[in-house]
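Predicted model, so just to flag it, every value in this text is computed and none were measured.
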Amino acid sequence: MTPTIIAGAVASAVALAASGAAAATLDDVKSRGNLQCGVSSGVAGFSYTEADGSWAGFDVAVCRAVAAAIFGDAQAAQFTPTTGKTRFTALASGEIDMLARNTTWTFSRDVDLKFEFVGVNYYDGQGFMVPKALGVTSALELDGATVCIQTGTTTELNLADYFRANNMSYDPVPIETNAEAQQKYLANACDVYTTDASGLAATRSTFEAPTDHIILPEIISKEPLGPLVRHGDPEWGDIVRWTFNAMVIAEELGVTSANVAELAAGPTDNPEVNRLLGTEGEYGAMLGLEKDWAVKVISQVGNYGEVFDRYIGESTPVGLARGLNALYTKGGILYAAPFR
C-alpha cells in the first residue's frame with residue numbers, strides 16, 4: 001500500500017470518527033473499564049511481552065501511566081500491536097484510545113492526518129546498522145547496498161532523501177515489523193538495517209552476538225518520538241499530555257516511586273511538589289481526575305528517569321545513555337511545562 005493510499009484510508013477513518021461523539025474518549029474509557037493502547041509489534045526495551053504474556057517497556061509505561069491516572073490501576077490497559085501501516089488507521093477509527101509506539105511527530109501526521117502529539121518521550125534520529133564483517137565505517141560507503149526498511153514510515157522517506165542527496169543508490173528490502181527486519185537482516189537478505197537509532201540498539205541487544213554488528217556514526221534525521229491521540233477531543237489530549245508531563249516533572253522535583261507516598265502524606269516545602277501530588281490546588285479536578293492521580297502514576301509506574309533506567313538505560317541490554325533525553329537541567333533537552 002502506497003503512502004497516498006494509507007493517508008486516504010486514515011483520512012476516511014478520521015471523518016467517520018469525527019461524525020460521532022469525538023469528544024467523549026474519557027467517558028468511553030471509563031465505561032469500558034480499560035484503556036485501549038496501540039503499541040509496536042515488539043521492540044526490545046520499548047514494547048514487548050513478558051513470559052506471562054503481559055506487556056512491558058518504555059512506551060508501554062506511558063499507557064500504563066494513563067491507566068493509573070484514570071483508574072488508579074496501571075494494569076487497566078489493554079494493548080494492540082500495530083505496524084507502520086496499521087497504527088494510524090487503528091487510532092483514527094477508534095480501535096485504540098492512544099498510540100504509544102516509536103512514532104515520529106511530523107507536520108503531515110499532526111495536521112493532515114488529524115492527530116495530536118501530546119509530547120516527546122524520546123528524542124531520536126535515524127541510523128544504520130551493519131555487520132562488522134562488512135567492513136563499513138560510514139553510511140557514505142553504502143552505495144549499492146541492500147537495505148531493510150519498514151514501509152509506511154518516515155524512515156523510508158528519510159532513506160530516499162539521504163541517498164539521493166549523496167548521489168548513492170540502494171536496493172530496498174521492504175519489511176513491516178521489527179521482528180521481520182531482524183530475521184531478514186540476520187539471514188543476510190539485506191546488508192543494512194535502518195530505523196531510529198534507539199530501535200537499532202534495541203534490536204541489536206537481542207542478537208546472540210551483538211558485538212558482531214555496529215551502528216554507523218551518521219544520524220540522518222530528527223525523530224521526535226511520542227504518544228498521540230486523535231484531534232477533536234482536547235480534554236482527552238490534556239489527560240495524556242499531563243500524565244506524561246507529570247512523569248517528567250516528578251523527575252525534575254526528585255519525586256520517585258519510593259518517596260511519593262511520604263511526600264503526598266502532607267504539604268512539603270515545595271509548592272510545585274504539592275500541586276503535582278494533589279495536596280494543594282484542584283489540578284486533578286481540572287482534568288476530571290482524582291486529586292491524587294499523579295501520585296498513582298508515580299507510585300505504580302515511576303517518574304521518567306525511573307522508567308528510562310528500568311527499560312532502556314545503560315544498565316539494560318539495550319544500553320542507551322540519556323543523551324538528549326536527559327533533563328534540561330542535566331545537559332539534555334527534556335523539558336515539561338510548569339505544574340502551576
- Item | Gap between atom CG of Asn34 and atom CG of Asp97 - 0.5 Å precision | 8.0 Å

- Query: Quick one: do the Asn102 and Asp196 side chains pair a donor with an acceptor below 3.5 Å?
  - Reply: no

- Query: Between the side chains of Glu306 and Ser257, does any donor sit under 3.5 Å from an acceptor?
  - Reply: yes

- Which pairs pass disulfide bond (SG atoms under 2.5 Å apart) with one or both residues in residues 137-235, sequence neighbours excluded? Cys148-Cys190

- Message: We want to know whether Asp59 and Ser47 form a side-chain donor-acceptor pair, criterion being a heavy-atom distance below 3.5 angstrom.
- Response: no

- Task: Nearest 0.5 Å please: distance from the CG atom of Asn166 over to the OH atom of Tyr162.
- Result: 5.0 Å

- Query: side-chain contact (heavy atoms from CB on, under 4.5 Å) between Cys63 and Met98: does it pass, once the steps are laid out?
  - Reply: CA-CA 8 Å; Cys63 302; Met98 60 177 289; 4.2 Å; yes

- Message: Would a single hydrophobic cluster contain both Tyr123 and Val43, if residues Ile, Leu, Val, Met, Phe, Trp and Tyr are joined by side-chain heavy-atom contacts under 4.5 Å?
- Response: yes

- Query: Measuring from Thr206:OG1 to Asn178:CG, what's the distance to the nearest 0.5 Å?
  - Reply: 7.5 Å

- Message: Could you check whether Glu282 pairs with Lys291 (Lys NZ or Arg NE/NH1/NH2 to Asp/Glu carboxylate O, under 4.0 Å)?
- Response: yes

- Atom CG in Leu91, atom OG1 in Thr89: separation rounded to 0.5 Å? 9.5 Å

- Task: May I ask you to check whether Thr268 and Asn270 show a side-chain donor-acceptor distance below 3.5 Å?
- Result: no

- Query: Does Arg164 have any salt bridge (Lys or Arg N to Asp or Glu O under 4.0 Å) partners at least two apart in sequence or in another chain, and if so, which?
  - Reply: Asp161

- Item | Contacts of Asp238 that satisfy side chain to side chain donor-acceptor pair (under 3.5 Å) - sequence neighbours left out | Arg241

- Minimum heavy-atom distance between Pro81 and Ser41, given as atom pair plus value: CB-CA, 4.0 Å

Mind listing the side-chain donor-acceptor pairs of residues 331-340 below 3.5 Å, one per line with the distance, residues two or more places apart or on another chain?
none

- Flag side-chain contact, heavy atom, 4.5 Å: Gln182 against Leu186: yes

- Message: So for atom CD, which belongs to Glu290, do other residues, nucleotides or ligands contribute more than 12 heavy atoms lying within a distance under 6.0 Å?
- Response: no

- When the ring centroid of Phe46 is compared with that of Tyr311, is the distance short of 6.0 Å? no

- Please check if the distance between the ring centroids of His213 and Tyr193 is under 6.0 Å. no

- Message: Would you compute the distance between atom OG1 of Thr82 and atom CD1 of Ile96 and round it to the nearest 0.5 angstrom?
- Response: 6.0 Å

- Message: Tell me if the aromatic rings of Phe58 and Tyr304 count as close, with their centers under 6.0 Å from one another.
- Response: yes

- Item | Contact check, side chains of Val118 and Trp242, non-hydrogen atoms, under 4.5 Å | no

- Query: Same cluster for Leu225 and Val66 if Ile/Leu/Val/Met/Phe/Trp/Tyr side chains link at under 4.5 Å?
  - Reply: yes

- Task: Check the side chains of Glu95 and Thr80 for a donor-acceptor pair under 3.5 angstrom, ignoring hydrogens and angles.
- Result: no

- Query: Taking 4.0 angstrom as the limit, do Lys296 and Asp73 come out as a salt bridge?
  - Reply: no

- Is a side-chain donor-acceptor pair under 3.5 Å present for Asn303 with Thr256? no

- Query: Quick one: OG1 on Thr103 to CZ on Phe117, what's the gap to the nearest 0.5 Å?
  - Reply: 6.0 Å

- Item | Distance-only side-chain donor-acceptor flag, Gln126 / Thr194, under 3.5 Å | yes

- Phe115/His231 aromatic ring centres below 6.0 Å: no

Can you give me every donor-acceptor pair (side chain of residues 128-138, partner residue at least two apart or in another chain, under 3.5 Å) with its distance?
from	atom 1	to	atom 2	distance (Å)
Lys132	NZ	Thr211	O	2.9
Thr137	OG1	Glu141	OE2	3.0
Ser138	OG	Leu140	N	3.1
Ser138	OG	Glu218	OE2	2.5

- Consider only side-chain heavy atoms of I, L, V, M, F, W and Y, link residues closer than 4.5 Å, and tell whether Val318 and Trp55 are in one cluster. no

- With sequence neighbours left out, write down each residue that passes salt bridge (Lys or Arg N to Asp or Glu O under 4.0 Å) with Glu180, or none if nothing qualifies. Lys184

- Message: Taking the cut-offs as 6.0 angstrom to the six-membered ring centre and 45 degrees off its axis, would you call Arg109 and Phe88 a cation-pi pair?
- Response: no

